[in-house]
Amino acid sequence: MNISPTQHKILKLLVENEKISMREISEKLSVNMSTVSRNFRSLQESGFVLKVEEASPGSSGGRKTALYTANPNKFFVLGIGVEQNRLIGVVIDAKGSAVEKNEIHRNFRGEEIVSALVDCVMAFKESYPSTVGISIGMPGIIKENKVIFSSALDIEDLDLGEILSREFGTEVFVLNDANAAVVGYGFQKKNVVYFLLSVPYYLNQPVGVGAGLWLEGNLYQGSNGAAGEFEIDILPAILSEPATLDEVDLKNLSSGSLLKLLSKLSEVASFVSYLLDPETVIFGGDITLFSHEFHSELAKNVQDRLEKRHISDVEILFDERGLWTVAFGAAKAFWKRILEDYEFASRILK
């Protein structure tokens, strides 16, 4: 169907509410019941609407009131989180809930990412033929769905969104991984900074970090898509000798071995928090590789630094879901655009 502006507003209310009546929709949109009824009927006939129950009329009598929500199975969005040698795909439904996850382990560098992503998408295609969009979260500087530069994946100047859009005949978003991760948390908060850690396989190489920025209720990517990107070696290596992640359990490393990383990460996180004054600071990605003692010490260091600047009410959280958050957040970014941008929704939901 060709969705109208009024139908788009109605659909947004249906998605955001577990149950809502046509009368409530009329009141929230400040339009008369006949307008709501006419537009609602088209949405219902096209499968966007699900009737959930009929509310009792109460002591005053009269007819029961039908309550509705969005049909969660009307459309789906696929989010993919990418890191070195691993992809996670997460499907979300029209209500924004995750319904399936799949993980692929595969070696790829440079433009080999295209075939890896195609295989990941194809794993979901048969089960979810009504997928309306694909959204990818990956390390690097991303602008207008193009990968400008990704040192982690050895990619430079790759129009990944356009390549995949041609391959699947659908809209494709490409986001920086830290930006994708913060979207998954941002819906509950107004200002969030999400620090996404990336521990290299060889532990004598610098630990990577990026910051996803959710400011005033929206994802902030900057003028050139580079917001939240840091210099490659801003954090130190964990070890001086060339040991690997397969050989070392970071949870069992002594606090002395991690002191430089702990100190520098605390400094970086505190400085960004000084500038942006967020409600919540989240550490995610490979933070899961470190012990709870490391988490506690990091939180304490950041809180102490912030309190010296008289900032004492910042919530500090640790995301244990790793790359899943990147995939889920990427999908949610696409889904959020459908709800908030009529022109985009009218193109996607034909």
Side-chain angles (χ1 to χ4, degrees), residues 1-79 90-101 124 127-133 135 170-171 183-190 192 214 217-219 325 327-350:
M1 67 176 288
N2 293 318
I3 192 168
S4 72
T6 299
Q7 288 165 345
H8 181 244
K9 292 174 184 177
I10 292 172
L11 178 60
K12 186 172 187 289
L13 288 175
L14 290 167
V15 168
E16 293 173 343
N17 291 272
E18 290 305 313
K19 49 188 177 182
I20 189 170
S21 69
M22 290 176 63
R23 176 68 62 187
E24 289 171 316
I25 292 172
S26 172
E27 292 170 356
K28 287 178 181 291
L29 298 183
S30 299
V31 296
N32 60 51
M33 277 294 292
S34 62
T35 300
V36 170
S37 179
R38 184 174 62 255
N39 284 277
F40 193 90
R41 191 181 308 114
S42 295
L43 286 172
Q44 202 167 22
E45 291 170 353
S46 298
F48 284 98
V49 181
L50 188 66
K51 185 177 178 179
V52 289
E53 67 177 77
E54 289 189 341
S56 170
S59 58
S60 60
R63 298 172 62 181
K64 291 183 177 181
T65 301
L67 301 176
Y68 303 94
T69 192
N71 176 6
N73 297 319
K74 176 59 180 176
F75 65 85
F76 299 91
V77 175
L78 171 60
V90 173
V91 176
I92 65 172
D93 62 22
K95 295 281 284 182
S97 299
V99 294
E100 188 168 338
K101 178 186 107 171
F124 291 98
S127 300
Y128 299 95
S130 53
T131 296
V132 297
S135 191
T170 190
E171 192 91 17
V183 172
Y185 274 88
F187 286 93
Q188 290 78 42
K189 306 285 184 178
K190 192 174 181 182
V192 180
W214 186 265
N218 289 289
L219 176 64
T325 300
F328 178 70
K332 290 284 271 192
F334 195 104
W335 174 85
K336 183 174 185 284
R337 179 84 178 272
I338 292 174
L339 296 187
E340 297 187 349
D341 184 336
Y342 165 67
E343 297 296 336
F344 182 75
S346 63
R347 189 170 74 247
I348 297 299
L349 301 177
K350 287 182 178 178

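Only a predicted model underlies this, so the values are computations on that prediction, with no experimental measurement involved.
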Could you tell me the separation between the [atom1] atom of [X] and the [atom2] atom of [Y], rounded to the nearest 0.5 Å?
{"X": "Ser46", "Y": "Asn71", "atom1": "OG", "atom2": "CG", "answer": "11.5 Å"}
{"X": "Leu43", "Y": "Arg38", "atom1": "CG", "atom2": "CZ", "answer": "12.0 Å"}
{"X": "Gln44", "Y": "Leu50", "atom1": "CD", "atom2": "CG", "answer": "9.5 Å"}
{"X": "Leu349", "Y": "Ile3", "atom1": "CG", "atom2": "CD1", "answer": "5.5 Å"}
{"X": "Asn39", "Y": "Arg41", "atom1": "CG", "atom2": "CZ", "answer": "9.5 Å"}

Heavy atoms only: give me the nearest [X]-[Y] pair and the separation to one decimal.
{"X": "Ser135", "Y": "Ala331", "answer": "CB-N, 4.1 Å"}
{"X": "Val90", "Y": "Lys101", "answer": "CG2-CG, 4.2 Å"}
{"X": "Glu18", "Y": "Thr69", "answer": "O-CB, 3.3 Å"}
{"X": "Val52", "Y": "Lys19", "answer": "CG2-CB, 3.6 Å"}
{"X": "Lys189", "Y": "Trp214", "answer": "O-NE1, 3.1 Å"}
{"X": "Met22", "Y": "Met33", "answer": "O-SD, 3.7 Å"}

Are the side chains of [X] and [Y] in touch, meaning some heavy atoms are under 4.5 Å apart?
{"X": "Phe48", "Y": "Gln7", "answer": "no"}
{"X": "Leu29", "Y": "Thr35", "answer": "no"}
{"X": "Tyr342", "Y": "Lys9", "answer": "no"}

Kindly indicate, with the supporting measurements, whether the criterion side-chain contact (heavy atoms from CB on, under 4.5 Å) is fulfilled by Val132 and Ile338.
CA-CA 10 Å; Val132 297; Ile338 292 174; 4.0 Å; yes
Flag yes if more than 12 heavy atoms outside [X] fall under 6.0 Å of its [atom1] atom; otherwise flag no.
{"X": "Asn32", "atom1": "CG", "value": "yes"}
{"X": "Arg23", "atom1": "CZ", "value": "no"}
{"X": "Glu53", "atom1": "CD", "value": "yes"}
{"X": "Lys95", "atom1": "NZ", "value": "yes"}

Could you check whether Phe124 and Phe76 have their ring centres less than 6.0 Å apart?
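Phe76 vs Phe124: aromatic centres not under 6.0 Å.
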Among Ile10, Leu14, Leu11, find the residue that satisfies the side chain to side chain contact (heavy atoms under 4.5 Å, CB included) test when tested with Val49.
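Answer to the side chain to side chain contact (heavy atoms under 4.5 Å, CB included) test with Val49 among Ile10, Leu14, Leu11: Leu14.
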Note: Glu24-Lys28 ion pair, threshold 4.0 Å (strictly below)
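No, Glu24 and Lys28 are not salt-bridged.
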Is there a donor-acceptor pair under 3.5 Å between the side chain of Lys332 and the backbone N or O of Ile92?
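Between the backbone of Ile92 and the side chain of Lys332 there is no qualifying donor-acceptor contact (under 3.5 Å).
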Ignoring hydrogens and geometry, is there a side-chain-to-backbone donor-acceptor pair from Asp341 to Arg337 under 3.5 Å?
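Here the side-chain-to-backbone pair does not exist.
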Going through the distances and angles, do Phe40 and Ile25 end up as a side-chain contact (heavy atoms from CB on, under 4.5 Å)?
CA-CA 10 Å; Phe40 193 90; Ile25 292 172; 4.0 Å; yes
Between Val77 and Lys336, is a side-chain contact (heavy atoms from CB on, under 4.5 Å) present by the stated rule, with each step listed?
CA-CA 11 Å; Val77 175; Lys336 183 174 185 284; over 6 Å; no
Report the C-alpha distance between Val15 and Leu339 in whole Å, list the side-chain angles of each, state the deciding distance to 0.1 Å, and finish with yes or no for side-chain contact (heavy atoms from CB on, under 4.5 Å).
CA-CA 8 Å; Val15 168; Leu339 296 187; 3.8 Å; yes
Scan Phe344, Phe75, Phe328 and name whichever one has a ring-ring contact (aromatic ring centres under 6.0 Å, His included) with Phe334.
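Only one option passes, and that is Phe344.
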